[in-house]
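Worksheet: the structure to be examined is printed underneath.
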Number of protein chains: 2
Amino acid sequence: MDIKKRYFDYAATTPVHPEVIKAMRPYFDDIFGNPSSVHSFGQEAKTAITNARDSIAKVIHAKSEEIVFTSGGTEADNFTLSGVAEAMAKKGNHIITTTIEHHAVIEMCKFLEKHRGIKVTYVQVDKNGLVDPEDIIKAITSQTILISVMQANNEIGTIEPIAEIGKIAREKGIYFHTDAVQTFGSLEIDVEKLNVDLLSASAHKLYGPKGVGLLYIRKGIRILPYLHGGEQERRRRASTENVPGIVGFGKAVELAEQEKHERNEHLTKMRDKLIKGILENIDESQLNGHPTKRLPNNVNVTLKYVEGESMLLNLDLEGIAASTGSACSSGSLEPSHVLKAIGVNPEVAHSSLRFSLGRLNTDEDIDYLLGVLPRIVKNLRAMSPLYKKSK
Amino acid sequence: MDIKKRYFDYAATTPVHPEVIKAMRPYFDDIFGNPSSVHSFGQEAKTAITNARDSIAKVIHAKSEEIVFTSGGTEADNFTLSGVAEAMAKKGNHIITTTIEHHAVIEMCKFLEKHRGIKVTYVQVDKNGLVDPEDIIKAITSQTILISVMQANNEIGTIEPIAEIGKIAREKGIYFHTDAVQTFGSLEIDVEKLNVDLLSASAHKLYGPKGVGLLYIRKGIRILPYLHGGEQERRRRASTENVPGIVGFGKAVELAEQEKHERNEHLTKMRDKLIKGILENIDESQLNGHPTKRLPNNVNVTLKYVEGESMLLNLDLEGIAASTGSACSSGSLEPSHVLKAIGVNPEVAHSSLRFSLGRLNTDEDIDYLLGVLPRIVKNLRAMSPLYKKSK
């Protein structure tokens, strides 16, 4: 029997939008030139990436030359941390970030601590995952060269007070970076209003292709390149440009900009219905992340006495794709560093699920999920001695 | 009037093979999952990259787990140099490479010299662009940790004695890397026979997509990751995998393997006809690179008394796309470092053209080019006082 598959893991990745595929298509074999080539094949490809760059820059109120295309969000994050640390070494060796950043930030920070003599302060968050700007101020030293705080958390959906933190950084003359991988194309992003100097994004989170991202670098910011070689991207990122990917990214951003309001309204309604349905129909359940300062598509819940992995497998059998947190750390047996940071007990952290909604989800999907999930939880709990004991 | 466009710049990039596009297509929106996800969407995507990895590994006689997918050749080269330099810092701080490597190697070497305390020896080549293995031996010190020599040069097409150099490195216990970006899918690559420990390749040079490459890392080689974050690629390269790109790369390698013999026979014939035609029909012309140890698709000639850029523009008007050398350095006004290395006078270096042939070129293309080029050269020389003076 074929079961209808329903996807609730849009925070992990999204299907490429049909319009994006259409936009990319000619750049594989028709307009296939290397943008660095002088001839018409090259120049047509160059025009395509210029257009994509212009349209993305416009959406985030940046200048075109402030956008550097990368291979994804990880490279953009790594580029920022490493590039600023090395370019600003004479000014200081201290970076401030938070305990709930994406691994691409945290692991790079650890690398810089171990190999580059950088000191990193990991600012704590509150029980909802919110960073307190006061804590950022307290962490600043005369050596601080960079503050990196994500715009919204990928696991629990909490939206951070980026503009405020950016303002603090600006006043202190410290560079400010935000990982906007989860928010790009969803929340409004205006690099001026947000006071950001550097911003990372990834196409595949907003119905664009995998393998392409960007780093916004405010004019005048000092940063060393991360990839060295050819003179692409104004010598800030060597490597032949991924032309179809960049074109697709541009189209995805355009579409997101046009459809943002409608998409978010739809997502918020489904999100709230799902949260309400879970909390009402499953006992000993709780929502993780901020109740209102929250991504329109994120639902993260702890369902005590059931193993997240078991729930995932059972959900998968019913055609439902969800996750226990970040896809990037699904290979790890460690409980989520984000849930740990907001004070969720490590044992209970393993009982958490993330549902992240997207443009193809329907009300009917939510109804289906709410029909299936309580039953699965009930069945799994029936096998749990701890649950029985608690009753 | 529409003129038929003819592409002679396959060394810069290639159009994606129709079969490759077909293979990639489902992975944009049908099998679109994140390979790190536990659910079926993710697992199907994971299977796809496993299959691509297996089929590429088989072609180069490697183990699947020795293949790490990257964003391209530049990242693979940077990864190697930086990753080995840092992992082997306790053993030594000396790298040997050559004066004719791709910028992705040379610029990274310069970065390591400036920022990581690495010492680099740039071994000279002979007038045909050949590296003498004896010169490699002479350059080895007790501090040498890595030797990096490209399998064939991207500008002049000279094929290097990689197996011999690899054997030397192996005997001395030094890691050996080769940049195979120009040869992958064209020359036979057997990592055992070639004695290589690390090998870089890029999909878009062999009718695969832009934005994906690989680094072969022999089991046991010590190397630090270049991208830090999630646990992808066995923790050697963080970042969500470019699934369609990797699938396309796998298909491109498969096709190249099947068609290699036929492709090369066709290319070699056209190449030799073109070289002969140019040397016979244009006076004061010379071939750059080795006359026989040469990529089957490479023609690099110096046509004295004419500016390369002027020739390119004139050729472009006639529908012919060629280059003056590496696309990656076409933004630069510097004469080619490769031509300089083989002793071409800097003034004359500016009078050089590279024609790189590919699977879609026909005999008729070569005839057309041989019909057009001498006329363009003649016209340009008619305006050159230096040429008149020489007569």
Side-chain angles (χ1 to χ4, degrees), chain A residues 5 7 9 12-16 18 21 28-29 32-34 36-42 71-72 74-75 77-78 86 102-104 107-108 111 115 202 204 209-212 227-232 238-245 309 312-313 316 321-323 326-332, chain B residues 5 7 9 12-16 18 21 28-29 32-34 36-42 71-75 77-78 86 102-104 107-108 111 115 202 204 209-212 227-232 238-245 309 312-313 316 321-323 327-332:
Chain A
K5 285 193 179 189
Y7 189 71
D9 202 10
T13 194
T14 61
V16 182
I21 297 177
F28 288 109
D29 59 350
F32 68 88
N34 185 322
S36 298
S37 296
V38 176
H39 48 65
S40 59
F41 292 84
S71 65
T74 294
E75 187 190 320
D77 286 342
N78 282 203
E86 302 227 44
H102 189 271
H103 285 290
E107 293 300 318
M108 191 63 189
F111 180 84
H115 295 274
S202 172
H204 79 98
K210 293 177 178 68
V212 59
L227 288 181
H228 305 268
E231 308 200 341
Q232 292 90 354
S239 195
T240 299
E241 300 89 339
N242 176 353
V243 182
E309 295 291 321
L312 282 194
L313 294 176
D316 200 31
S323 81
S326 165
C328 292
S329 52
S330 64
S332 163
Chain B
K5 286 194 179 187
Y7 189 72
D9 201 10
T13 193
T14 61
V16 182
I21 297 178
F28 288 109
D29 59 351
F32 68 88
N34 185 322
S36 298
S37 296
V38 176
H39 48 65
S40 60
F41 291 84
S71 65
T74 294
E75 186 190 322
D77 285 343
N78 281 203
E86 303 228 45
H102 189 271
H103 284 290
E107 292 300 318
M108 191 64 187
F111 180 84
H115 295 274
S202 172
H204 78 98
K210 293 177 178 66
V212 58
L227 288 179
H228 306 268
E231 308 199 342
Q232 293 88 356
S239 196
T240 299
E241 299 89 339
N242 177 354
V243 182
E309 296 292 320
L312 282 195
L313 294 175
D316 200 30
S323 81
C328 291
S329 53
S330 64
S332 164

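Order of the sequence lines fixes the chain letters, A, B, ..., with proteins taken first and strands second; residue numbering starts at 1 for each chain.
Of the atoms belonging to Glu86(A), it is side-chain heavy atoms, and not backbone ones, that fall under 4.5 Å from chain B. For Thr14(A), the part sitting under 4.5 Å from any heavy atom of chain B is the backbone (N, CA, C, O) and nothing else. Both the backbone and the side chain of Leu227(A) come within less than 4.5 Å of a heavy atom in chain B.
For the atom pair CD of Glu107(B) and CD of Glu231(A), the computed distance is 8.0 Å after rounding to the nearest 0.5 Å.
At a threshold of 4.5 Å between non-hydrogen side-chain atoms, the residues Val38(A) and Asp316(B) do not count as touching. When side chains are defined from C-beta on, Asp9(B) does not count as touching Asn34(A), because their heavy atoms never get closer than 4.5 Å.
For the residue pair Ser239(A) and Ser71(B), the shortest heavy atom distance occurs at OG-O, 4.4 Å.
Legend: residues meeting ring-ring contact (aromatic ring centres under 6.0 Å, His included) with His228(A), ordered by chain and number and at least two apart, are Phe111(B).
Between His39(B) and Tyr7(A), the ring planes are perpendicular. Angles over 60° get that label, and only those under 30° would be called parallel.
Counting heavy-atom pairs closer than 4.5 Å to chain A, the top-ranked of the candidates Ala238(B), Ser40(B), Gly73(B), Pro15(B) is Pro15(B). Put simply, of Pro209(B), Gly42(B), Gly33(B), the one with the most heavy-atom pairs under 4.5 Å next to chain A is Gly33(B).
Lys210(A) places a side-chain N or O within 3.5 Å of a backbone atom of Phe32(B) that can act as its donor or acceptor partner.
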